[in-house]
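Encoded as structure tokens, the structure appears first; notes follow it.
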Amino acid sequence: MSEPAYLWAPPPVASLPVRGRSERLPVNRIFCAGRNYHAHAVEMGRPVDKSMERAFYFTKSPQTLVPSGATVPYPPETKDYHYEMELVLVVGRPGFRVSAERAHELVYGYACGLDMTRRDLQLVAREKGRPWDLGKDIEQGSVCSEVVPMEGVVIEQADLALQVIGTTRQHSDVSKLIWNIREIIADLSLYYHLQPGDLIYTGTPEGVGAVVPGDHLVGRVEGVGTVELTVGPAE
Ligand code: MN
């Protein structure tokens, strides 16, 4: 079958480098868990009662991905651009209605990510019952490190931290996730046919805050790696 003809060149495939491989990992979708550490839910004024609530998610376009180490302009239409340091789970096998017991079968590996957020716009959307897209789906707003292959591995415990110009702003442990890796995969697979290349940003711990042009961010997850971002001047 011949390739279809397009009116203009199709957009490039969003992809991430993979540790130890020359091939890049093609990214399918970006899912993000909301309010998945208790102390962060409290600082956002929305504590979570796991016995009464289900996990919730939002999405960011794969086109918002930016590689670790990039310098990104301070984005438009915000005065409160926030970092959120997160462990990113990379799906490597398809799955629909996957049990928590079998969730590890979908894991390809992990990465370190920054779910950058126009907090002012997100909070307006939240209060007015509008979608979060303008607050979350930000050009160059999904920073991601190289992917570390760890097939079938469930990270249950790992130190996670973020420094802004050398000062620690976030410090927690993956063991404090409200919905853990197995639960996130199982629950998200009730809504979506998960596919290879789906990224799941698993949520941020407490300590989120605003950046200003010139800031240099370094996030780490024990056993995974680091992610870096420099905030440039506004365009
Ligand atoms: Mn987040």
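Owing to the predicted nature of the structure, the values given are computational and were not obtained by experimental measurement. Counting starts at 1 for both ligands and their atoms, in listed order.
Here the side chain of Gln122 pairs no donor or acceptor atom with the backbone of Gly135 at under 3.5 angstrom.
Within Glu84, the N, O or S atom at minimum distance from the Mn ion (ligand 1) carries the name OE1. For Asp115, the N, O or S atom closest to the Mn ion (ligand 1) goes by the atom name OD2. Among heteroatoms of the N, O or S kind in Glu86, OE2 lies nearest the Mn ion (ligand 1).
Between Trp132 and Phe56, the distance from one ring center to the other falls under 6.0 angstrom.
Note that the CG atom of Asp115 and the CD1 atom of Ile138 stand 8.0 Å from one another [nearest 0.5 Å].
Donor-acceptor pairing under 3.5 Å is recorded for the side chains of Ser51 and Asp49.
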